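Remarks on the structure that follows.
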Amino acid sequence: MCWTLRGDVSAREVETILVWDRIVAAQYGRVLTLMDVSALGEVPSETRKTVRRAQELPMRGIGVFGASFQARIRATMLLTAAELVAEEQENNPLVFFSCEREARSWLMARLALLECAA
């Protein structure tokens, strides 16, 4: 999945993301995410609570790019809220990159590694 987060992220937007993530998980058995947070705004408490519903998903890697220092903090807060990073660090690494190309390259290598392990 590829997501571009612009402005403040609402709980409703996260619900939409989770619907698409569930579709991908049902089809492929896992979800790898490329996330552009270069224009990320605030992440309200309600949004972080909604992200917790992602715990049920087989997330297997999140490559983030475009993150200023503040965006890194917000993105980490958003994803840690779901405990996707804290408890599943080995199965679902969260990695920050300076550009989209690097993030995509890492995700492709991550996919290859997961396919070899299957």
Side-chain angles (χ1 to χ4, degrees):
M1 297 300 300
C2 182
W3 299 107
T4 300
L5 303 180
R6 290 192 180 109
D8 299 348
V9 180
S10 71
R12 183 170 178 233
E13 290 167 320
V14 169
E15 289 284 352
T16 301
I17 289 170
L18 293 177
V19 166
W20 286 104
D21 283 346
R22 285 184 191 100
I23 291 168
V24 169
Q27 185 171 352
Y28 297 102
R30 63 182 160 259
V31 180
L32 293 157
T33 303
L34 175 68
M35 195 175 295
D36 176 359
V37 297
S38 58
L40 179 63
E42 296 298 318
V43 181
S45 174
E46 180 184 346
T47 302
R48 291 191 302 270
K49 289 176 187 173
T50 303
V51 172
R52 288 188 183 119
R53 296 183 190 148
Q55 289 175 330
E56 70 200 41
L57 294 168
M59 303 295 290
R60 294 298 175 255
I62 303 168
V64 181
F65 69 95
S68 65
F69 178 73
Q70 289 296 326
R72 274 179 92 125
I73 292 171
R74 289 183 186 124
T76 301
M77 280 177 33
L78 180 67
L79 298 167
T80 301
E83 298 176 7
L84 293 172
V85 179
E87 293 181 10
E88 298 271 341
Q89 186 73 38
E90 190 172 312
N91 287 333
N92 185 34
L94 168 66
V95 184
F96 289 91
F97 298 92
S98 59
C99 67
E100 181 177 355
R101 181 182 49 76
E102 290 174 358
R104 283 184 183 274
S105 178
W106 176 79
L107 283 169
M108 294 305 293
R110 178 84 178 137
L111 178 60
L113 178 69
L114 292 168
E115 287 178 346
C116 285

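Here the structure is a predicted model, which is why all the values come from computation and not from measurement.
- Contact between Thr47 and Ala11 at its shortest, heavy atoms only, is OG1-N, 3.2 Å.
- If you take CD1 on Ile62 and CZ on Phe96, they are separated by 9.0 Å, rounding to the nearest 0.5 Å.
- Residues satisfying the salt bridge (charged side-chain N to carboxylate O under 4.0 Å, His left out) test with Arg22, not counting sequence neighbours, are Glu56.
- Distance OG1/Thr33 to CZ/Arg110: 11.5 Å, rounded to 0.5 Å.
- A distance of 10.5 Å separates OH of Tyr28 from CG of Leu111, quoted to the nearest 0.5 Å.
- With sequence neighbours excluded, the residues forming a side-chain contact (heavy atoms from CB on, under 4.5 Å) with Cys99 are Arg101, Glu102, listed by chain and number.
- The minimum heavy-atom distance linking Asp21 with Val31 is given by the pair O-CG2, 3.5 Å.
- A side-chain contact (heavy atoms from CB on, under 4.5 Å) with Leu40 is found for exactly one of Ile73, Val64, Val9, namely Val9.
- Residues meeting the salt bridge (charged side-chain N to carboxylate O under 4.0 Å, His left out) test with Glu42, sequence neighbours left out: Arg74.
- In this structure Arg104 satisfies the salt bridge (charged side-chain N to carboxylate O under 4.0 Å, His left out) test together with Glu100, sequence neighbours excluded.
- Under the 4.5 Å side-chain heavy-atom criterion for Ile, Leu, Val, Met, Phe, Trp and Tyr, Val95 and Met35 are members of distinct hydrophobic clusters.
- Considering all non-hydrogen atoms of both residues, Leu107 and Gly63 come closest at CD2-N, 4.2 Å.
- With sequence neighbours left out, Phe97 forms a ring-ring contact (aromatic ring centres under 6.0 Å, His included) with Trp106.
- Remark: the backbone N or O of Gly61 is paired with a side-chain donor or acceptor of Asn92 at under 3.5 angstrom.
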Using the rule given for side chain to side chain contact (heavy atoms under 4.5 Å, CB included), can you reason through Ile17 versus Leu5, listing the C-alpha separation, both sets of side-chain angles and the distance that settles it, and then say yes or no? CA-CA 11 Å; Ile17 289 170; Leu5 303 180; 4.2 Å; yes
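- Contact record, Arg30 with Val24: O-CG1, 3.7 Å, taken as the closest heavy-atom pair.
- Note: the hydrophobic cluster containing Leu32 does not contain Ile23 (ILVMFWY, side chain heavy atoms under 4.5 Å, direct or indirect links).
- Judged as a salt bridge (Lys or Arg N to Asp or Glu O under 4.0 Å), not a single pair has a partner in residues 4-14 (not counting sequence neighbours).
- Side-chain atoms of Met1 and Met59, non-hydrogen and from C-beta on, never get closer than 4.5 Å to each other.
- Here the closest heavy-atom approach between residue Ala103 and residue Leu34 is recorded as CB-CD1, 3.4 Å.
- Residue Phe69 is not grouped with residue Phe65 when hydrophobic side chains (ILVMFWY) are merged at heavy-atom distances under 4.5 angstrom, including chains of intermediate members.
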